[in-house]
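Down below is the structure, laid out as structure tokens.
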Amino acid sequence: MAVLKEGSKAPAFKALDQNGNAISLADFKGKKLVLYFYPKDDTPTCTIQACNLRDNYALLKKKGYQVVGVSVDDVKSHKKFEQKHELPFPLVSDEDKKIVDKYNLWGEKKFMGRTYMGTTRTTFLIDEEGKIVKIIDKPDSKNHTEEILEAWKAAGK
């Protein structure tokens with residue numbers, strides 16, 4: 001798999017969200033998409049990130065940005081996460097890791113001296129034509145919306 005870069009075409013995907021709806025990249029043609037990948041539902045940092053996006057969702061929508069979260073958790077887990085934190089955007093289930101593989105985000109991680117495989121927290125800003133405008137590696141979960149807005153602004157979008 002080629003390494004994704006800014007300016008590359010975003011890899012297509014299709015999977016179910018927390019409500020059992022099929023979501024695909026093609027659904028966002030003509031729209032600006034914030035596609036964020038996170039390791040696990042309802043863990044501290046993932047919750048901070050999701051709640052930051054939730055708290056600023058109206059602003060993101062006003063600017064014309066769609067938000068979609070992706071993790072390898074199942075639909076049921078996503079539904080609980082959405083309900084517990086009142087998340088207003090789709091959370092795509094990637095249990096078979098097809099999407100994280102296409103975006104090159106499944107890899108070795110280290111936490112508290114332990115090594116394991118998991119999803120690398122990364123956000124892709126994708127324009128109306130399906131091109132990657134910006135890749136935010138290691139987003140600042142507490143200030144993620146600000147990072148997104150600054151990146152879109154810098155890209156002239």
Side-chain angles (χ1 to χ4, degrees), residues 4 6 10-11 13-25 27-28 31-126 132-155 157:
L4 295 175
E6 292 168 10
F13 65 85
K14 186 172 186 175
L16 298 180
D17 72 4
Q18 73 270 30
N19 297 311
N21 299 319
I23 302 276
S24 72
L25 182 63
D27 296 338
F28 299 95
K31 300 174 183 167
K32 296 178 190 113
L33 176 62
V34 175
L35 184 65
Y36 84 98
F37 291 82
Y38 64 98
K40 186 134 182 69
D41 288 339
D42 222 16
T43 54
T45 304
C46 295
T47 299
I48 289 167
Q49 182 179 24
C51 290
N52 174 268
L53 293 170
R54 174 202 66 202
D55 294 347
N56 295 286
Y57 188 65
L59 175 62
L60 291 165
K61 290 287 283 184
K62 184 179 170 190
K63 298 256 186 200
Y65 310 136
Q66 307 292 311
V67 176
V68 174
V70 180
S71 86
V72 298
D73 293 304
D74 63 25
V75 170
K76 194 170 152 185
S77 175
H78 280 343
K79 189 65 184 173
K80 283 166 60 177
F81 188 44
E82 173 217 16
Q83 289 176 329
K84 181 177 180 181
H85 299 288
E86 300 177 6
L87 304 177
F89 45 81
L91 299 173
V92 173
S93 174
D94 186 28
E95 284 183 272
D96 59 9
K97 301 175 186 71
K98 285 183 180 174
I99 304 170
V100 293
D101 282 345
K102 283 183 177 185
Y103 282 79
N104 297 312
L105 298 176
W106 188 256
E108 192 174 277
K109 300 175 77 173
K110 291 181 189 211
F111 183 69
M112 296 179 71
R114 191 171 71 90
T115 301
Y116 61 99
M117 297 300 285
T119 302
T120 305
R121 185 183 314 280
T122 306
T123 298
F124 292 84
L125 305 184
I126 301 169
I132 298 168
V133 171
K134 179 73 177 164
I135 300 170
I136 303 173
D137 294 310
K138 299 180 185 154
D140 176 355
S141 296
K142 289 180 192 158
N143 300 298
H144 197 36
T145 299
E146 190 176 312
E147 288 177 314
I148 290 165
L149 294 173
E150 285 176 13
W152 278 117
K153 187 177 177 184
K157 303 271 182 184

key: Whether Y57 and F89 hold their rings parallel, tilted or perpendicular, with breakpoints at 30° and 60°   = tilted
inquiry  = Could you measure the distance from the CD1 atom of I126 to the CD1 atom of I135? Nearest 0.5 Å is fine.
reply    = 9.5 Å
ask   = Is it true that D42 and K84 have a side-chain N and a carboxylate O under 4.0 angstrom from each other?
value = yes
key: Any side-chain heavy-atom pair of C51 and R54 under 4.5 Å   = yes
Mutual orientation of the aromatic rings belonging to F37 and Y103 [parallel < 30°, tilted 30-60°, perpendicular > 60°] = tilted
query = Quick one: do the D17 and H78 side chains pair a donor with an acceptor below 3.5 Å?
reply = no
query = Would you call V68 and F28 a side-chain contact if the rule is heavy atoms closer than 4.5 Å?
reply = yes
query = Going by atom types alone, do S24 and D27 pair a side-chain donor with an acceptor below 3.5 Å?
reply = yes
message = Are W106 and V72 packed together at the side-chain level, in the sense that at least one heavy-atom pair is separated by less than 4.5 angstrom?
response = yes
query = Is any side-chain heavy atom of D140 less than 4.5 Å from a side-chain heavy atom of E146?
reply = no
inquiry  = Can you tell me which residue among V75, N21, D94 is in a side chain to side chain contact (heavy atoms under 4.5 Å, CB included) with L16?
reply    = V75
request  = Compare every heavy atom of S71 with every heavy atom of P39, then report the nearest pair and how far apart it is.
outcome  = O-CB, 4.3 Å
query = Of L53, D55, V67, V34, which meets side chain to side chain contact (heavy atoms under 4.5 Å, CB included) against T145?
reply = L53
Atom pair CZ (F13) and NZ (K102), whose distance is rounded to the nearest 0.5 Å = 9.0 Å
request  = Verify the neighbour count for atom CD of Q83: are there more than 12 heavy atoms of other residues, nucleotides or ligands below 6.0 Å?
outcome  = yes
message = Please report the interatomic distance CZ(F124) to CG(D137), rounded to the nearest 0.5 Å.
response = 7.5 Å
note = For N52 and H144 the tightest heavy-atom approach is OD1-N, 3.3 Å
request  = Can you see which heavy atom on I136 is nearest to which on A151, and at what distance?
outcome  = CD1-CB, 4.5 Å
key: Pair K79 + E82: basic N to acidic O under 4.0 Å   = yes
Non-hydrogen atoms of A50 and Y36 that approach each other most closely = CB-OH, 3.7 Å
ask   = Rounded to the nearest 0.5 Å, how far does CD of Q66 lie from NZ of K32?
value = 10.5 Å
task = Check the surroundings of atom NZ in K98: do more than 12 heavy atoms from other residues, nucleotides or ligands lie under 6.0 Å from it?
result = no
ask   = Do Y65 and L149 have side-chain heavy atoms sitting under 4.5 Å apart?
value = yes
ask   = CD of Q18 to CG of D41: how many Å apart, nearest 0.5 Å?
value = 9.5 Å
message = With heavy-atom distances below 4.5 Å as the criterion, would you say the side chains of K61 and P88 are in contact?
response = no
task = Flag the pair Q49 / T123 as yes when at least one side-chain heavy-atom distance between them is below 4.5 Å, and no otherwise.
result = yes
message = How long is the straight-line distance from NZ of K109 back to OG1 of T120, given to the nearest 0.5 Å?
response = 6.0 Å
